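Some notes on the structure that comes next.
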Protein chains: 2
Amino acid sequence: MKNPIADLNKIFDSRIRLGVMSILVVNDEISFNDLKQMLELTDGNLASHLNTLEQAEFIKVHKGFIGRKTSTTYSITNLGKQAFKAHLDALEKMIKKL
Amino acid sequence: MKNPIADLNKIFDSRIRLGVMSILVVNDEISFNDLKQMLELTDGNLASHLNTLEQAEFIKVHKGFIGRKTSTTYSITNLGKQAFKAHLDALEKMIKKL
DNA sequence: TATTTAACTTTGAAAAACAAAGCACTTTTA
DNA sequence: TAAAAGTGCTTTGTTTTTCAAAGTTAAATA
């Protein structure tokens with residue numbers, strides 16, 4: 001029998017990063033503040049998880065404005081989509097034996 | 001929008017515990033050694049994760065014999081089945097927006 | 001000008017993960 | 001029968017991860 005957890009991506013072990021990705025899959029762009037509110041996180045905690053995802057090149061940051069106010073938004077990259085999908089496939093395969 | 005990660009069970013954030021549960025869902029009983037080999041873990045690491053699952057009453061331990069050799073086996077509890085299913089449902093709901 | 005907001009960074013503490021070694025017991029092998 | 005090996009842990013200690021809270025910088029509003 002093959003190791004069923006070998007194909008899971010370590011980056012997605014975190015519920016928060018999983019949540020961010022699942023939001024980004026269905027939202028082309030989302031702001032720091034919206035993420036913060038949706039996931040009910042402190043600034044620092046969210047920022048550090050976003051940083052991990054950015055390092056992995058799974059998300060991209062866009063610094064912009066809404067009117068004249070700064071607004072940072074995030075979007076998923078192709079690599080991120082692929083990695084997330086692969087993770088979900090691995091999860092499903094692991095469980096589909098049900 | 002509702003917090004999409006709120007219904008995920010913290011116990012299943014761990015890939016290893018997720019792996020153990022996914023194995024136990026389809027195997028009525030499985031030995032310590034089989035788990036160890038399937039998941040490619042050290043004794044101590046596996047033991048500690050099994051302990052966490054046992055504390056939560058998601059798995060049960062059975063001390064027995066295979067022939068004349070001692071054999072400890074593990075099985076899933078009803079509570080464990082429920083919790084695992086709830087976690088998978090939460091995961092699916094989080095992602096089904098796809 | 002004082003306060004607030006956005007989006008962080010830094011700091012430090014707590015928790016979790018993990019490998020490696022040790023251990024008690026039994027069984028097998030030389 | 002003495003040594004080696006296997007089972008299933010526990011213990012120890014290190015590394016990694018998570019997280020909250022406070023500090024920071026720049027712009028906006030009151």
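Computed over heavy atoms, backbone and side chain alike; hydrogens, waters and symmetry mates excluded. Only a predicted model underlies this, so the values are computations on that prediction, with no experimental measurement involved. Note on naming: letters A, B, ... go to the chains in the order of the sequence lines (proteins, then strands), and numbering restarts at 1 for each one.
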_Can you measure A:L46 atom CG to D:dC19 atom P for me and round it to whole angstrom units?_
12 Å

*Taking all heavy atoms of A:S75 and all of A:H62, pick out the closest pair and write down the distance.*
OG-NE2, 2.8 Å

_Between A:T77 and A:F58 (side chain of the first, backbone of the second, donor and acceptor by atom type, cut-off under 3.5 Å), is there such a pair?_
yes

*Under 3.5 Å, is there a donor-acceptor pair between the side chain of A:R17 and the main chain of A:T52?*
no

*Of all nucleotides in DNA chain C with an atom under 4.0 Å from a non-hydrogen atom of chain A, which is the first and which the last going 5' to 3'?*
C:dA6 to C:dT9

_Sidechain N-carboxylate O distance under 4.0 Å for A:D89, A:K93_ = no

*Round to a whole Å and report the spacing from CG of A:L41 to C1' of D:dC19.*
10 Å

*asked:* What is the separation between atom CG on B:N51 and atom P on D:dT11, rounded to the nearest whole Å?
replied: 11 Å

*What integer distance in Å separates B:K36:NZ from D:dT10:C1'?*
15 Å

_Interatomic distance, B:N33 CG vs D:dG8 C1' [rounded to whole Å]_ = 8 Å

*Tell me, do B:T73 and B:I30 make a side-chain contact under 4.5 Å, heavy atoms counted?*
no

*asked:* Output the rounded distance in Å from CD1 (B:I30) to C1' (D:dT7).
replied: 16 Å

*asked:* Is there a side-chain contact between B:L50 and B:V61 in this structure, where contact means two heavy atoms from C-beta onward sitting under 4.5 Å apart?
replied: no

*If each of B:Y74 and A:R15 is mapped to the nucleotide of DNA chain D with the nearest heavy atom, which maps nearer the 5' terminus, i.e. the 5' end?*
B:Y74

_With B:S48 via side-chain contact (heavy atoms from CB on, under 4.5 Å) - residues at least two apart_ = B:N45

*For B:S71, which contact category applies under a 4.0 Å heavy-atom criterion: base, sugar-phosphate, or nothing?*
sugar-phosphate

*Would you say D:dG8 has OP1 or OP2 under 4.0 Å from some side-chain N or O of B:T72?*
yes

*Is any side-chain heavy atom of B:F12 less than 4.5 Å from a side-chain heavy atom of B:L53?*
yes

*Round to the nearest Å and state the distance from B:D43 atom CG to D:dT11 atom P.*
15 Å

*Kindly indicate whether the side chain of B:K36, heavy atoms from C-beta on, has any atom under 4.5 Å from the side chain of B:D43.*
yes

Considering only nitrogen or oxygen atoms on both sides, find all protein atoms under 3.5 Å from nucleotides 15-18 of chain D and state each distance.
residue : atom : partner : partner atom : Å
D:dT18  : OP2  : A:R17   : NH1          : 3.1

*Check the distance between D:dG8's P and B:I59's CD1 and give it to me in whole angstrom.*
13 Å

